[in-house]
Amino acid sequence: MLTVLRVPGALRAFIPALIGRSALAMASLGLVLAVQESTGSFAAAGVAAAVFGLANVVAAPWRARGVDRWGQRRSLTVLGAGQAVGLAVLAAAVAAHAPLAVLLAGSIVIGVCAPPLGAAMRVIWASLTDQGEQRKQAFSLDAVAEELLFVIGPVVIAGVITTTTAPVGLVLTAVVVLVGTVGITTSTASRAQTPNSSDTTRAERPLRQPGFPRVLLVLVGVGCVLGVAEIAAPAVAEEHGSVASSGWLLAAFAAGSAIGGALYGHVRWRATLGTKLLLLSVGMGVVATGVSQIDGLVWFGIGLALLGLFLAPSLVTGYLVADAVVPEAARTEASTWVNTALNLGAALASAAAGVLIDHADVAVPLALVGLLAIVTASIVPRRQLLGAGE
């Protein structure tokens with residue numbers, strides 16, 4: 001899997017792309033901790049996380065189309081700078097104990113401006129690798145590396161916030177996204193992604209490709225599990241009197257995802273993409289339901305690690321479907337839709353989870369999203385994906 005890094009131009013784009021994407025790993029938990037610290041409510045923190053996620057989801061297709069049409073350098077630079085400024089302003093608002101409405105407005109800004117560095121890097125991978133096993137390894141490596149960011153990012157941001165202040169953590173996140181964005185857009189591989197001279201036709205749009213919308217709905221269910229995990233982890237940590245442990249709990253979840261992605265990339269699976277997605281979604285649902293019954297900080301962390309095993313492989317499968325069934329002219333948008341589906345589920349679930357945790361406990365939302373993932377798995381378009389990307 002690491003052999004794809006030897007492809008000329010890959011490493012120069014990949015490293016800064018990871019740096020920039022680490023900002024998302026930091027921003028999610030950083031926002032929750034900052035709003036909870038400012039308001040004293042996990043419900044408010046959950047709403048802020050949901051607003052951030054929903055703003056990201058709503059703007060994602062438009063940002064991706066902008067990248068496809070105007071090129072990576074121009075589009076990503078503007079978005080990265082916008083999010084960095086938004087994070088800095090939000091840090092000032094948290095420091096001033098601004099009203100919740102102001103914090104939510106800041107959450108919207110950083111969500112809207114989030115640069116699609118992951119989608120941009122996957123377009124670069126597609127341009128540098130051959131379709132088939134090499135591309136699967138590239139996407140798997142990308143997903144594993146991204147999940148490792150969610151091992152490091154939450155630990156770093158939780159440590160920074162607990163040893164300094166929440167505003168300092170948000171400012172650090174702003175610096176990270178700016179450095180990563182500038183790094184990837186100045187690479188040769190990124191500059192080679194020339195803008196499309198015209199809009200894609202309606203027939204080329206990702207959502208018009210047979211089976212692709214149903215794949216996205218399945219990934220919404222997977223995202224719901226992710227959203228609940230992101231709120232449940234700090235809630236369980238606080239319940240056990242150790243807020244800093246929230247970073248380690250989320251790191252355990254991300255580590256499991258990284259391991260799952262590595263296994264997915266190394267093993268030659270005979271199953272079709274549709275069958276893989278079905279099994280992964282059902283597996284994630286079953287494990288989430290089991291984790292909802294776990295008590296104890298350490299055992300809960302182990303449960304999250306097991307749950308994470310299914311996340312990266314589900315995403316990689318979605319990327320492979322997008323690469324196989326969507327025309328090249330809309331490749332950035334297609335890859336973005338995969339993340340959009342996941343983020344939509346995460347945003348909706350995190351808002352609901354915050355309310356349920358404040359009035360009940362973490363078991364209820366975890367069990368509910370586990371069942372949801374199992375139900376949504378039933379709509380996987382297995383027949384329409386026969387041979388796709390294989």
Side-chain angles (χ1 to χ4, degrees), residues 1 3-4 118-119 122-123 125-126 129-144 146-147 203-226 256-288 306-328 330-331 333-342 345 370 372-390:
M1 191 167 64
T3 56
V4 295
R122 284 184 290 276
V123 170
W125 279 125
T129 60
D130 297 325
Q131 187 171 22
E133 189 64 23
Q134 188 185 39
R135 192 162 300 171
K136 186 192 79 170
Q137 290 181 358
F139 285 172
S140 296
L141 173 64
D142 193 87
V144 168
E146 188 168 71
E147 290 308 315
E204 291 176 317
R205 293 292 185 203
L207 297 184
R208 297 183 69 85
Q209 307 311 311
F212 191 58
R214 287 166 61 184
V215 169
L216 296 179
L217 288 175
V218 176
L219 291 174
V220 169
V222 172
C224 286
V225 178
L226 171 61
S257 181
I259 293 171
L263 291 174
Y264 189 88
H266 276 294
V267 178
R268 287 182 175 269
W269 306 98
R270 294 184 178 180
T272 65
L273 290 177
T275 299
K276 292 175 189 175
L277 187 59
L278 171 67
L279 295 176
L280 289 167
S281 184
V282 169
M284 195 170 199
V286 170
V287 174
L306 294 176
L307 186 60
L309 287 173
F310 300 90
L311 180 58
S314 298
L315 270 175
V316 173
T317 304
Y319 297 144
L320 290 171
V321 171
D323 185 69
V325 306
V326 177
E328 185 176 354
R331 197 66 57 78
E333 183 181 348
S335 180
T336 299
W337 271 114
V338 173
N339 286 103
T340 297
L342 189 83
L372 178 62
I374 294 172
V375 171
T376 55
S378 65
I379 64 173
V380 171
R382 295 174 62 193
R383 185 171 300 177
Q384 290 170 296
L385 295 179
L386 286 175
E390 301 297 326

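Please read these numbers as outputs of a predicted model, since none were measured by experiment. Quick note: residue numbers are just sequence positions, from 1.
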Problem set entry | Heavy-atom pair with the smallest gap, counting every atom of A258 and V144 | O-CG2, 3.4 Å
For this session: Check whether any side-chain heavy atom of Y319 sits under 4.5 Å from a side-chain heavy atom of N339, and report yes or no.
Result: yes
Exercise. For L278 and A377, which heavy atoms make the closest approach, and how far apart are they?
Worked result: CD1-O, 3.1 Å
For this session: Evaluate the side-chain proximity of L342 to V222: yes if any heavy-atom separation is below 4.5 Å, no if none is.
Result: yes
Problem set entry | Value rounded to 0.5 Å, distance of CG in L273 from NZ in K136 | 10.0 Å
Problem set entry | Side-chain donor/acceptor of E146 to backbone N/O of D142, under 3.5 Å | no
For this session: Taking the side chain as every heavy atom from C-beta outward, state whether L277 and L219 have any pair of such atoms under 4.5 Å apart.
Result: yes
Exercise. Tell me, which pairs form a salt bridge (charged side-chain N to carboxylate O under 4.0 Å, His left out) where one or both residues lie in residues 310-326, sequence neighbours left out?
Worked result: R135-D323, D323-R331
Exercise. What is the distance from atom CD of Q134 to atom OG1 of T3, rounded to the nearest 0.5 Å?
Worked result: 7.0 Å
Problem set entry | S281 side chain near T376 side chain, heavy-atom distance below 4.5 Å | yes
Exercise. How would you list, by chain and number, every residue that makes a side chain to side chain contact (heavy atoms under 4.5 Å, CB included) with V286, sequence neighbours excluded?
Worked result: V282, I374
Seminar exercise, completed: The side-chain hydrogen bond (donor to acceptor under 3.5 Å, both in side chains) partners of S257 (sequence neighbours excluded) come to E147
For this session: Using the side-chain contact (heavy atoms from CB on, under 4.5 Å) rule, take V218 and I379 through it: C-alpha gap first, then chi angles, then the decisive distance, then the call.
Result: CA-CA 7 Å; V218 176; I379 64 173; 3.7 Å; yes
For this session: Applying side chain to side chain contact (heavy atoms under 4.5 Å, CB included), name anything that partners L309, two or more places apart in sequence or on another chain.
Result: I259, L306
Problem set entry | Partner residues of L279 under the side chain to side chain contact (heavy atoms under 4.5 Å, CB included) criterion, sequence neighbours left out | T275
Seminar exercise, completed: In L315, T317, L320, the residue satisfying side chain to side chain contact (heavy atoms under 4.5 Å, CB included) with F139 is L320
Exercise. If you take all heavy atoms of V225 and A373, which pair is closest and at what distance?
Worked result: CG2-CB, 4.1 Å
Problem set entry | Exercise: identify the closest heavy-atom pair between L280 and F310 | O-CD2, 3.6 Å
Seminar exercise, completed: Looking only at heavy atoms, the pair that brings L307 and A288 closest together is CD1-N, 3.5 Å
Seminar exercise, completed: Heavy-atom nearest pair, A138 first then T129, reads CB-CG2, 4.1 Å
Exercise. Is there a side-chain contact (heavy atoms from CB on, under 4.5 Å) between R214 and V380 once you walk through the steps?
Worked result: CA-CA 6 Å; R214 287 166 61 184; V380 171; over 6 Å; no
Exercise. What pairs of residues pass the salt bridge (charged side-chain N to carboxylate O under 4.0 Å, His left out) test when at least one of them lies in residues 306-315, not counting sequence neighbours?
Worked result: none
For this session: Under the side-chain hydrogen bond (donor to acceptor under 3.5 Å, both in side chains) rule, collect the residues that match up with S335, sequence neighbours excluded.
Result: R122
Problem set entry | For W125, all residues meeting ring pair (Phe, Tyr, Trp, His ring centres under 6.0 Å), sequence neighbours excluded | F14
